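Accompanying notes for the structure given below.
Convention: sequence-line order gives letters A, B, ...; per-chain numbering from 1. Please read all numbers here as calculations on a predicted model, not as lab measurements.
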Number of protein chains: 2
Amino acid sequence: MSCHSLGAKGKPGFDLNACSVKPDVMARTQGSHSDITGPRVREAALRLFARHGYAAVSMRQIAAAVGVQAGALYNYTPDKQTLLFDLMRGHMEELLAAWDRAEPQGDAMAALEAFTRFHIRFNTSRADAVFVSYMELRNLEPANFAVIEGLRRDYETRLEAVLRHGAEAGTMVVAEPRIASMALIAMLTGVNTWYRAQGRLSLADVEAVYWDMVRRSVEG
Amino acid sequence: MSCHSLGAKGKPGFDLNACSVKPDVMARTQGSHSDITGPRVREAALRLFARHGYAAVSMRQIAAAVGVQAGALYNYTPDKQTLLFDLMRGHMEELLAAWDRAEPQGDAMAALEAFTRFHIRFNTSRADAVFVSYMELRNLEPANFAVIEGLRRDYETRLEAVLRHGAEAGTMVVAEPRIASMALIAMLTGVNTWYRAQGRLSLADVEAVYWDMVRRSVEG
DNA sequence: GTCTATAAACAGATAGAC
DNA sequence: GTCTATCTGTTTATAGAC
């Protein structure tokens, strides 16, 4: 054993990886793991891209983290660029879908609180994907960039709509809803740069601190 | 002329640079430009790092942008890592020095307004340096990272002190001064992601919008 | 101070064996 | 599906001519 636990990586140098014996698939052709290698490639790539940056990570490093040779990666992605794009698109689509499922029915102020708490919880639970989706925008080919940028704008527009409703209802003061939505999202996403699960404040504490600032910043 | 036959590099992506004929140094040895090449190397590196990322930019691309061969760059930096580090350290030190010069004498709320306006003005005037100093942290060697991280914390501490004074004086409500300082800086730095000088809003307009949100978020 | 040439390592991606 | 081997081009950095 000692392997097939997905993350037996040596990390510090991307070396060693030996073994990939999988008891439950022993009947398969030796070395064949199509059903689990795909997700592991994406997980390893996401982790490495977040840590070192897309351009600084080689396909060989990703392969080493997964426990396969570099050539095997091309069974799961046509090229490195598409691997990055799929990770980013997947994250943005999950973000939008999760918010659309969570969006409450109450008034604008309740919706703003829901957005604040949702954004903090969702983003801190997927720090690597959030980081990559923001930091690697400039490494996307133009066509791919346009797609991700569009999804990002969609998300901002969700918050912008909340702020507009609040302003129209008279419960909020928002001179520039579009700018305010970007400002608030930037503030909330900043949590990821310092929050640690083992830290002094619980996630509930963090939500409370930020919701207080968000509420005050737009309150009528 | 035509660039003293120096530049004129093909470089499909980073050409043009159209040599800078400097009349006052024409008497020098042909091809010798020590007094101007250094700054141009830093400017080109900053611009390229901001556009494409440190890891994605080669020394040859920087050289082509300057109009010299790659080997010549090593007269101005011992290596690529030091070039990045010097750019980031220079930016952070200038940021701190500029705020320390500008910091006003009034009460905490006046200081907060000054900080808000200063941060927006300074950062939008040096977008490339701001971008690089944040995005390339993970490409710094540990010792260099520690230096930049320390300078960044120093800057945050300046704002934190303002918020603490306001809270102590009773003119502000700030439950977590450290977190609030990071939240506000994240919000203000976000201006750089969308602000354009040719846009609908002037810099004064932008300052007013953000100052309104900042003030409301901490007002007692 | 800049050039040309080069060293030594590494990149993304592919071909064919098993 | 994975491996080994390889193709082709690029990387940082240095050496020595001018």
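Atom C1' of nucleotide dA13(D) and atom CG of Leu83(B) are separated by 14 Å, given to the nearest angstrom. Counting to the nearest Å, the P atom of dG1(C) and the CD1 atom of Ile36(B) are 12 Å from each other. Atom CD in Gln61(A) sits roughly 8 Å away from atom P in dG12(C) (whole-Å rounding). If you take CD1 of Ile62(B) and P of dT11(D), they are 11 Å apart, rounded to a whole angstrom.
Remark: the Ser202(A) side chain and the Asp205(A) side chain contain an N/O donor-acceptor pair separated by less than 3.5 Å. Neither side chain, Asp154(B) nor Thr157(B), offers a donor N or O lying under 3.5 Å from an acceptor on the other.
Of the charged side-chain nitrogens involved, at least one lies within less than 4.0 Å of a carboxylate oxygen, so that Arg138(B) and Glu136(A) count as a salt-bridged pair.
Distances from the side chain of Gln69(A) to the nucleotides dC3(D), dT2(C), dT11(D) place dC3(D) closest. For Asn75(A), whose side chain is taken as the heavy atoms from C-beta onward, the closest listed nucleotide among dG1(D), dT2(C), dC3(C) is dG1(D).
Applying the ring pair (Phe, Tyr, Trp, His ring centres under 6.0 Å) rule to pairs touching residues 121-144 of chain A yields Phe118(A)-Phe122(A), sequence neighbours excluded.
Counting heavy atoms from C-beta on, the side chains of Tyr210(B) and Ile120(B) come closer than 4.5 Å.
Taking the six-membered ring for Trp and the full ring otherwise, the centers of Trp99(B) and Tyr155(B) sit at least 6.0 Å from each other.
The side chain of Ser58(B) contributes an N or O atom lying less than 4.0 Å from OP1 or OP2 of dT11(D). One finds no side-chain N or O of Thr37(A) lying less than 4.0 angstrom from the OP1 or OP2 phosphate oxygen of dG1(D). Regarding contacts with the backbone of dG12(C), every side-chain N or O of Tyr54(A) stays at 4.0 angstrom or more from both OP1 and OP2.
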Tell me, for nucleotides 13-18 of chain C in 5' to 3' order, what letter each nucleotide earns: B for a base near a protein heavy atom under 4.0 Å, S for only sugar-phosphate near one, - for neither? BB----

